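In this text, all values refer to a predicted model and were calculated from it rather than measured experimentally.
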Amino acid sequence: MPVNTDAIGKTYPPASYAVGREKVREYARAVGESNPLHLELESARAAGYEDVVAPPMFVVVYSFPAVLPALFDPEVGIDFSRMVHGGQEFEWGPLVVAGDEITTTTTIADVSERRGNGFFMFATESVNQRGETVCSGRWSNIVRGV
């Protein structure tokens, strides 16, 4: 069954995420991050930040809830039994700190078929409460044998 390209350009409602200090610390510990900016409020404030600083890949925590509706959209038509992760690319802006409110919007950037496989590219734009883009992302998934 060929891929459905009709969803290209479709944008989903934004999802908001309130960045919590303990979530940043938990994530940092889970990925083995030992930089005190991610763990100690005093160190982060001494470095000029309002609160602990989220490690860069914390982007997955605050933006993935906005990607889920696109992944499960019947119009996109992803067969999860054949899906593999293709990759992720991110471009970061200002650092995210605990206390930030991040709002992420997802758009279907591309859907294509190559060599019998479906390629699904999702683009995300995450902004903080000041309207600054903290991260732009591209998430790709491959569905074998479409």
Side-chain angles (χ1 to χ4, degrees), residues 3 7-115 117-146:
V3 296
I8 295 173
K10 184 174 183 178
T11 299
Y12 296 83
S16 293
Y17 184 88
V19 179
R21 183 181 299 155
E22 290 310 313
K23 288 296 181 187
V24 170
R25 288 176 172 159
E26 289 168 0
Y27 182 88
R29 288 185 191 107
V31 299
E33 182 58 68
S34 60
N35 186 323
L37 292 178
H38 307 303
L39 300 166
E40 301 169 7
L41 179 59
E42 301 77 24
S43 295
R45 287 191 173 155
Y49 300 103
E50 292 179 29
D51 213 306
V52 293
V53 178
M57 285 307 294
F58 192 77
V59 63
V60 175
V61 175
Y62 62 74
S63 62
F64 194 65
V67 176
L68 287 174
L71 282 173
F72 287 99
D73 185 343
E75 185 179 355
V76 176
I78 291 179
D79 178 351
F80 289 97
S81 70
R82 297 172 181 242
M83 185 181 87
V84 295
H85 177 68
Q88 298 166 315
E89 298 175 19
F90 299 106
E91 184 177 318
W92 284 273
L95 295 176
V96 171
V97 299
D100 280 349
E101 181 83 23
I102 308 299
T103 302
T104 302
T105 304
T106 300
T107 301
I108 306 294
D110 192 37
V111 177
S112 62
E113 185 177 334
R114 296 186 295 252
R115 297 183 181 173
N117 296 310
F119 290 78
F120 299 84
M121 179 69 69
F122 305 95
T124 57
E125 188 80 10
S126 300
V127 297
N128 63 20
Q129 67 277 11
R130 292 176 294 282
E132 302 166 319
T133 299
V134 295
C135 190
S136 296
R138 294 181 64 80
W139 312 62
S140 63
N141 294 287
I142 302 166
V143 177
R144 300 175 315 236
V146 296

| Any chance the side chains of T103 and S16 put a donor and an acceptor closer than 3.5 Å? |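 Short answer, yes.
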
Are any side-chain N or O atoms of [X] and backbone N or O atoms of [Y], one a donor and one an acceptor, separated by less than 3.5 Å?
X	Y	result
W139	V67	no
N128	R130	yes
N117	G145	yes
S126	V134	no
Y27	M57	yes
R138	A123	no
Q129	E101	yes

| salt_bridge(E26, R29) N-O dist < 4.0 Å |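 The answer is no: the pair does not qualify as a salt bridge.
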
Within the 4.5 Å heavy-atom criterion, are [X] and [Y] side-chain neighbours or not?
X	Y	answer
W92	V59	yes
V146	D79	no
E75	I108	no
V52	S43	no
I8	D110	yes

| Value rounded to 0.5 Å, distance of CG in N141 from NE2 in H85 |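 So the CG of N141 and the NE2 of H85 are separated by 7.0 Å.
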
| field | Aromatic ring pairing Y62/Y17, orientation class (parallel under 30°, perpendicular over 60°, tilted between) | value |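 Tilted, since the angle between the ring planes falls between 30° and 60°.
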
| query | Who passes side chain to side chain donor-acceptor pair (under 3.5 Å) against E125, sequence neighbours left out? | reply |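 Residues passing side chain to side chain donor-acceptor pair (under 3.5 Å) with E125: T133, S136.
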
| request: Output, in order, the C-alpha distance, side-chain angles, deciding distance and verdict of salt bridge (charged side-chain N to carboxylate O under 4.0 Å, His left out) for E42 and R45. | output: CA-CA 5 Å; E42 301 77 24; R45 287 191 173 155; over 6 Å; no

